[in-house]
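Since the structure is predicted, the reported quantities are computational estimates derived from the model, not experimental observations. The chains referred to below are lettered A, B, ... by the order of the sequence lines, with proteins before strands, and numbering in each begins at 1.
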Amino acid sequence: MSAKSPEDRILAAIRAIPHGQVAGYGEVAHRAGLPGRARLTARILSQNDDPALPWHRVLRSDGRIAFPEGSKAFREQSQRLRAEGVKVEGGRVKRPRKADDLDAALWGPGPR
DNA sequence: AGCGTGACCATGT
DNA sequence: TACATGGCCACGC
C-alpha cells in the first residue's frame with residue numbers, strides 16, 4: 001500500500017489547511033502524524049518547489065511569520081494572508097481565537 | 001562521529 | 001509580550 005514518506009504527509013497536511021485559515025509548523029507536523037517534527041516541516045517548506053502549496057498559511061506557534069520582517073518572503077506571505085482575509089500586523093497574524101471565531105460564526109460572514 | 005545551522009516549540013522568568 | 005534555556009531532528013562539512 002501507499003507507504004508515504006514523512007514529506008508527503010506533511011505536504012498533504014499543509015494542503016489540508018482551509019482557505020483563510022492558518023496553522024503552526026508543529027501543528028502541521030502533528031496532523032501529519034509526526035509529533036515533534038516542527039523543524040522537519042520547516043525544512044520541507046524551505047525545500048518545496050510546489051507553487052500550488054499554500055505555504056503562506058503556515059506560521060510559528062505564536063502566530064508570527066517565520067521570516068525576518070521586511071524580507072521579500074515576509075511581504076509575500078503577509079500579502080497572501082491578507083488576500084485571504086487574515087489580518088497581519090507587525091509581523092504577527094491575528095488569528096481568531098475559539099471565542100472570537102464563534103462570534104464571527106454567529107455574527108460575521110455566516111448565514112443571517 | 002562531532003559541530004554548526006535552521007521558514008521550530010514548550011516552559012520559565 | 002519579550003528574552004533565555006533546553007530539546008528536537010535533518011543536513012552539510
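- Residue A:Gln47 contributes atom CD, which lies 13 Å from atom C1' of B:dT5 at whole-angstrom precision.
- The distance from atom CZ of A:Arg60 to atom P of B:dC9 is 7 Å, rounded to the nearest whole Å.
- The 12-atom threshold is not exceeded at CD of A:Gln79, counting heavy atoms of other residues, nucleotides or ligands nearer than 6.0 Å.
- Candidate nucleotides B:dA7, C:dA10, B:dC9 were compared by shortest atom distance to the side chain of A:Leu40, and C:dA10 ranks first.
- Rounded to an integer number of Å, the gap from A:Ile44 CD1 to B:dG6 P is 18 Å.
- When the C1' atom of B:dG6 is taken as reference, atom OH of A:Tyr25 falls 11 Å away, rounded to whole Å.
- Put simply, CD1 on A:Ile65 is 12 Å from P on B:dC8, counting in whole angstrom units.
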Take A:Val88 and A:Gln77 through the side-chain contact (heavy atoms from CB on, under 4.5 Å) test and state the conclusion after the steps.
CA-CA 10 Å; A:Val88 185; A:Gln77 184 163 10; over 6 Å; no

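- Residue A:Asp62 contributes atom CG, which lies 16 Å from atom P of B:dA7 at whole-angstrom precision.
- The closest donor-acceptor contact from the side chain of A:Arg37 to the backbone of A:Gly26 lies at 3.5 Å or more, if one exists at all.
- Regarding contacts with the backbone of B:dC8, every side-chain N or O of A:Thr41 stays at 4.0 angstrom or more from both OP1 and OP2.
- Nucleic acid contact for A:Ser46: base, since at least one base atom lies under 4.0 Å from a heavy atom of the residue.
- Here A:Arg92 lies in heavy-atom contact (under 4.0 Å) with sugar-phosphate atoms only.
- Between A:Arg80 and A:Glu76 there is a salt bridge, since a side-chain N of the basic residue sits under 4.0 Å from a carboxylate O of the acidic one.
- Across the protein-nucleic acid pair, A:Ile10 atom CD1 and B:dA7 atom P stand 15 Å apart, rounded to whole Å.
- Results of the side chain to side chain contact (heavy atoms under 4.5 Å, CB included) test with A:Leu59 over A:Val86, A:Val28, A:Val22 single out A:Val22 as the only residue that passes.
- Between A:Leu34 and A:Thr41 there is no side-chain heavy-atom pair separated by less than 4.5 Å.
- Here the separation of C:dG7 from B:dA7, taken at their P atoms, is 22 Å to the nearest Å.
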Nucleotides 3-8 of chain C: which of its N/O atoms have a protein N/O under 3.5 Å away?
none

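- For the pair A:Glu27 CD and B:dC9 P, the computed distance is 10 Å after rounding to whole Å.
- A:His56 has its side chain within reach of A:Glu84: a pair of non-hydrogen atoms, C-beta onward, lies under 4.5 Å apart.
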